[in-house]
Amino acid sequence: MVAHAEHIPHRSGLAAFLSRWLLTTNHKEIGSLYLWFAFSMFFVGGALAMGIRLELFMPGIQLIEPAFYNQLVTMHGLIMVFGAVMPAFVGLANWQIPLMIGAPDMALPRLNNFSFWILPFAFGMLLSSFFMEGGAPNFGWTFYAPLSTTYGPDSTDFFIFGVHLMGISSVLGAINIMVTIFNLRTPGMKLMEMPLFVWTWLITAFLLITAIPVLAGAVTMVLTDRHFGTSFFSADGGGDPVMFQHIFWFFGHPEVYIMILPGFGIASQIIPTFARKKLFGYNSMVYATASIAILSYVVWGHHMFTTGMPLAGELFFMFCTMLIAVPTGVKVFNWVATMWRGSMTFETPMLFAIAFVILFTIGGFSGLMLAMVPADFQYHDTYFVVAHFHYVLYPGAIFGTMAAVYYWLPKWSGHMVDEWWGKLHFWTAIVFVNLTFFPMHFSGLAGMPRRIVDYSHQFQDFNLVSSFGAMGLGLTQVLFLFIVIKTIRGGEPATDKVWESAEGLEWTVPSPAPLHTFETPPPWPINETETHEGAA
Amino acid sequence: MRGLCTLLLLIVPQVVFAVDLDMRQGVTAMSQDIHWLHTVMLWVCIVIGVIVFGAMGYTIFAHRRSKHPEPANFHEHLGVEIVWTLIPVIILAVLAYPAAKMLIEIEDNSDAALTVLITGSQWKWHYQYLEHDIGFYSNMSTPREQINSCGGWFLTDTFCDLPDGDSEAGKAERDANEHYLLEVDNPLVLPSNRKVRFLTASNDVIHSWWVPDFAVKQDAIPGFINEAWTNVPETGTYRGQCTELCGKDHAFMPVVVEVRTEDEFDQWVEDQRIAKELASGQAVADREKTWTLAELVSIGEEVYLANCATCHQPNGAGQGSTYPALDGGEIAVGPMAAHIDRVMNGKAGTEMQAWAPQLSDRDIAAVITYERNAWSNQPDDNIVQPLTIFESR
Amino acid sequence: MSDQAPRYYVPHTSYWPIVGAVSLFVAAFGAATFIHESTDFIAAESQYGEWVFYIGLIMIACMMFGWFKNVVSESVRGMMSGLMDVSYRQSMAWFIVSEVFFFGAFFGALFYARLWSVPWLAGAGNNLWTHTILHPNFADTWPLFLTPDGTQTQTMGPWGLPFINTLILVTSSVTVTFSHWALKKRDRIVAGAWLALTVGLGIVFLILQVAEYIHAFDDLGLTLGSGIYGSTFFMLTGFHGAHVTMGTIMLAVMLFRIFSGHFTPENHFAFEATSWYWHFVDVVWLFLFTFVYWF
Ligand code: HEA
Ligand code: HEA
Ligand code: CUA
Ligand SMILES: [Cu+2]
């Protein structure tokens, strides 16, 4: 980031700034762009969530009209999923994958820039819908027909084309990552020797390439149903509104694993480093990730148990969904076994990684409960589901990203993170994340439906706690922003290796990593004597 | 065992927190079975959690660097890996069995004694008893003033610029209303101890009919009909909500079911039949009578506030471009025929639904008359009689 | 770093991506506005969306031209290493995979309608009540010529134009391969001739497709609006047709490049990518022919 100033061609002021960031083909710069973009979208989505939580503070409508509330929920979901989590992971991939496999850059650097710059336009278009007549999309991030077809607001069309743009961006980005991994590994590095972050991203990229086009198909059908008289999702013409759900969730379930697999990879990098012990069960980690990905294609129906699916379908989706607990369990056990009899220290990245494992597992447990069809009849579309997915997404995907940022920021910026601040962030985040999302289990079990602007008295106490926690969580994230900026601007210089027993090619280059690394392929396996420890 | 689990789960947290944290147990055999399944699942997860997090906690404590400076260097063990793959498989298989069995029973919709067709529309339910010629709409009966009122301890009234928000009074009523948002004008009435079949259908978007105490949650899909059933052993009033996002007032689409003894139910059916005859007599009388403007306007105002105000607003101003203003609205002050047509038949593909099947001739005439005289509306043609409505049906 | 020639060519900066992002945005924004204006009569006062959309398309075309021109000139100047060639190949392969899944969504809709929604509406499975209460007169047929709401249509048989089109596309897949063989033998004229024939077949296919659409509209009453049969029919054949159009354009560009001497027997990835794409479009058609027209 700032440290790369010396590489800027000699132009001044705005022109230099623009030509650097608009035209760059460098994976590190594009990675930073992705990360900053994701961060700002996280704040936008978080601000919308604050609106939601303020309104739900207590019964009665205080701040937000029902119609606007639905828009908030929809945009919160869309922005967090497509604007925050996915770009954040792509940003990490951009920064780290070439560094970890010894590649000079991404395989297709120009395409990389293209993939990124589509995003701000796509989200600009999506966000502008707040100012359109009839307001923003209001049908939930899942945009079920016919609420999004016949009954959708005018801005739905902009939403559809916005999703198309994001889709193009994701698919091109994923192709790039895939090819980089397959093709640009330093000579000698076998697939089964790649760092797990790279492995999980390889599998994520595969999910993206295959799932996103299905989403594109779904929005296209919504568009033609809205404007060209087709009847995919209308029984009047022989279609079925539930068909939409099948198509959407065929994309949607792989999508939720897209949002967690790189997080698994991150935990698998960080835990061995701070346990000072090799990752336990490398091979089974890889196979488990692959099995999760494969299973993710045959479980989509678990979002639709109450749609009146035939019994055979319900049973099939229930069994397949339950099976996912097995490979995921293998991963969790492997992490614990990695820590077992290690020699652990608890710097901020490690804290976030441990919290990731624990809280994600809690989210996974509630997922498993949701998978039991009879029980899901009670849980479905209540806050129990909201609690489930925030546990896997917030302390899952978001904590994963934060752990990664704390872990690699010294490499990117050349400065160590101030541990005091990092730990403060960690502990406040832990407290507030649980305060926000744990009570949602209870309100869900008590019978509170999701996506409602107002609720009856019985849910009052839980919501009060949740809202209170959410405000705190919001403030905590401001702290994170502060820490990141502080670290970029200064701090104790980082060594090449940064962490005492970190392993991998990324730790053989100086901190901050120069703009161009590995123009000639580094030796593999790493020759310990050749790394320039301490020579920043 | 089953009892013990339930007991533990129920007692421990309740005692600790003095609040009900558990899933509702419900009253039907099915809802209790599901509650049992939920409890078992929860305990399985808790036990696994305790083992996994316990191991983690132990290693975090015992294998931190200050206590355990030299890390071991094992990183593979086929044996344990096989074990911890197989054990979850076994646990899951054991769990899958009762779940599947329960599911098969849930899906067995045969041999019902009574069939109710439940049709959702934005934002109310319609109940039709297929065996008896009974059908009626069920609307939320919580008044808007209670919902839209402000006055919380951290929100001052300056925030409350919502229409018809009447701060303190409304809030006090809301707090006093035990069934806030979960009350309707016409509840669904069912007999106890009979297998009742629910058919869910929809007129517009997807809704979902849920009564937690019966553990019945079934989506209402436009163009299709889904089935579910229940058999309620105890009389009482049971409340639930629509659980599928269905637009603006999704939060205000409660379900209330009154379960009565079989005799009381049969009596109720009989009462409904008589009421219907009376009503049809009443309808004839209404349509033969010539109403005065004042009469129609006063009935019309009630009808309007109950049915139309949620979209068009009590002051007729509508909301943005989505819900047109009726105050000075093109149709509301335009030719009468178009106005009657719009109200009776609605407009396809918009939230403006057809009111002809929902309101009586008198009410339609009244609401139209009201709209043409309310606010600043003063068209020449300002009154319509129920007879006209009857004739345009 | 080192003084050796870089292992992998990393272009420094480029204008094309940002131009591309802007063009895509202009096209998408224009398309949304256009559709909106042409179907919503309240908002129809302004009519600029259409033009914005066209401008966007032209911008995209310019961007592709400029970007590919860059790549071509780099490759001609010998900056493209073997590794890079592999990158391009893999990218194209994965791109085609993503296309497969895009079509998969629409085939999924087709199968869903045929296997489930239409039979269900007619009472199959657990849908007896759907049939008796909501659609008592609806019958399960495929192709669906009478929808639940009473829209009627004629259906398109397989053995007329569609069969001819199948033959055309299969032939064109063969001719493009012949062209490839000739190219590998450095036989430019023959390669060009086969490729020209392929382009010609592509164009004939498209003309016949248009004729078929006209026939469907005018004689059969088969439109996008004629129920799920019309929806799947036109969306699948329509997207396929769009891909054939793209493929034909790409083939035409390759023809031009053959005659400009861009390709060597070893190095002609653009040509191969185009022919992969063409084969892919062909295979999609075979599925279309089988499931949309035939069975
Ligand atoms: C990162 C995202 C993410 C992840 C990883 C998951 C993971 C899982 N999810 Fe979740 N899910 C979502 C995001 C995610 N989900 C979202 C966003 C929704 C809502 C969408 C919407 O409607 O808006 C949703 C909804 C959802 C539903 C639908 C609920 C409903 O609407 O009624 C279901 C139902 O089966 C489900 C199940 C599961 C399961 C079984 C897993 C499994 O992968 C979990 C596996 C993990 C474990 C089980 C823990 C670790 C394992 C062990 C320690 C081993 C031993 C354990 C046992 C044998 C018990 N999820
Ligand atoms: C990765 C995804 C992700 C993340 C990180 C979050 C984060 C949060 N989510 Fe969200 N959520 C979803 C994905 C996510 N969510 C999805 C997919 C849905 C379903 C949507 C649908 O139903 O269609 C949903 C729905 C959802 C609901 C249910 C709404 C409903 O059904 O009616 C609620 C309710 O409380 C909620 C709350 C929150 C809160 C409080 C946070 C917080 O963690 C946010 C914290 C972050 C910040 C606050 C930003 C940082 C700080 C500032 C912006 C400064 C300003 C601060 C203040 C004003 C205090 N979310
Ligand atoms: Cu009806 Cu929600
Ligand atoms: Cu899922």
With a 4.5 angstrom heavy-atom cut-off, which part of N334(A) approaches chain B: side chain, backbone, both or neither? both
Would a distance-only check, ignoring hydrogens and angles, find a side-chain to backbone donor-acceptor pair under 3.5 Å from H179(B) to S456(A)? no
L103(B) portion near chain A, given a 4.5 angstrom heavy-atom threshold: both
Per-residue contact mode, N138(A) against chain B (heavy atom under 4.5 angstrom): backbone
Heavy-atom proximity to chain A below 4.5 Å, by part of E81(B): side chain
Identify which part of Q458(A) has an atom lying under 4.5 Å from any heavy atom of chain B, answering side chain, backbone, both or neither. side chain
Tell me, side chain or backbone of A371(A) under 4.5 Å from chain B's heavy atoms, or both, or neither? neither
I need the minimum non-hydrogen distance between A235(A) and G223(B), along with the two atoms involved. CB-CA, 3.5 Å
Output yes when a side-chain donor or acceptor of N226(B) lies under 3.5 Å from a complementary backbone atom of T307(A), and no otherwise. yes
Provide the closest heavy-atom pair for A55(B) versus W340(A) in the form atom of the first, atom of the second, distance. O-CZ3, 3.7 Å
Please identify, among I34(B), I87(B), N73(B), V80(B), the residue contributing the most non-hydrogen atom pairs under 4.5 Å to chain A. I34(B)
Quick check for you: among M30(B), E244(B), H77(B), which has the greatest number of heavy-atom pairs under 4.5 Å with chain A? E244(B)
Identify which part of L182(B) has an atom lying under 4.5 Å from any heavy atom of chain A, answering side chain, backbone, both or neither. side chain
Stepwise, does the side-chain contact (heavy atoms from CB on, under 4.5 Å) test hold for I362(A) with F53(B)? CA-CA 10 Å; I362(A) 292 178; F53(B) 303 149; 4.1 Å; yes
I need the residue from I354(A), N283(A), D236(A), L323(A) with the largest number of non-hydrogen atom pairs under 4.5 Å to chain B. I354(A)
With a 4.5 angstrom heavy-atom cut-off, could you sort out which part of A288(A) is near chain B: side chain, backbone, both or neither? neither
Chain B shares the most heavy-atom pairs under 4.5 Å, among L147(A), V336(A), T142(A), with L147(A)
With no hydrogens and no angle check, is any side-chain donor or acceptor of H75(B) less than 3.5 Å from a backbone partner on T338(A)? no
Which atoms form the tightest heavy-atom contact between A99(B) and P374(A), and what is the distance? O-CG, 3.4 Å
Side chain, backbone, both or neither: which part of L245(B) has an atom under 4.5 Å from a heavy atom of chain A? both
Give the minimum heavy-atom separation between I221(B) and P241(A), together with the two atoms involved. CG2-CG, 3.7 Å
Contact class of L37(B) relative to chain A, heavy atoms under 4.5 angstrom: side chain
Under 4.5 Å heavy-atom distance to chain A, tell me which part of I225(B) shows up: side chain, backbone, both or neither. neither
L368(A) to M41(B) - nearest heavy-atom pair and separation: O-CE, 3.7 Å
Counting heavy-atom pairs under 4.5 angstrom with chain A, the leader among L86(B), T200(B), N177(B), V216(B) is N177(B)
Given heavy-atom pairs under 4.5 angstrom as the criterion, report whether the side chain, backbone, both or neither of M369(A) touches chain B. both
Could you look at V332(A) and say if it's the side chain, the backbone, both or neither that has a heavy atom under 4.5 Å from chain B? side chain
Out of F224(B), Y323(B), Y58(B), Y180(B), which one racks up the most heavy-atom pairs below 4.5 Å with chain A? Y180(B)
Any sub-3.5 Å donor-acceptor pair from D249(B)'s side-chain atoms to P66(A)'s backbone N or O? no
Can you say whether F377(A) sits under 4.5 Å from chain B via the side chain, the backbone, both, or neither, judging by heavy atoms? both
Chain B contact via H441(A) - side chain, backbone, both or neither, heavy atoms under 4.5 Å: neither
Does the cation-pi check pass for K248(B) over Y69(A), that is, NZ or CZ under 6.0 Å from the six-membered ring centre and within 45° of its axis? no
Let me know if Y379(A) has heavy atoms under 4.5 Å from chain B in its side chain, its backbone, both or neither. both
Structural part of F333(A) lying under 4.5 Å from a heavy atom of chain B: both
Per-residue contact mode, I358(A) against chain B (heavy atom under 4.5 angstrom): both
Any side-chain to backbone donor/acceptor pair from R24(B) onto A446(A)? Under 3.5 Å, distance only. yes
Please check if any side-chain donor atom of T306(A) sits under 3.5 Å from a side-chain acceptor atom of D219(B), or the reverse. yes
Residue pair W210(B), H380(A): steps toward the side-chain contact (heavy atoms from CB on, under 4.5 Å) verdict: CA-CA 10 Å; W210(B) 184 33; H380(A) 176 68; over 6 Å; no
Please identify, among E105(B), R239(B), E107(B), the residue contributing the most non-hydrogen atom pairs under 4.5 Å to chain A. E107(B)
Tell me, side chain or backbone of T382(A) under 4.5 Å from chain B's heavy atoms, or both, or neither? side chain
Short side-chain to backbone donor-acceptor contact, T59(B) and M339(A), under 3.5 Å: yes
Turns out that what part of E76(B) lies under 4.5 Å from chain A's heavy atoms comes down to both
If you tally heavy-atom pairs under 4.5 Å between each of Q122(B), E178(B), E227(B) and chain A, the highest tally belongs to Q122(B)
What are the two closest heavy atoms between I452(A) and A251(B), and how far apart are they? CB-CB, 3.6 Å
Decide if atom CZ of R64(B) counts as having more than 12 heavy atoms of other residues, nucleotides or ligands within a radius under 6.0 Å. yes
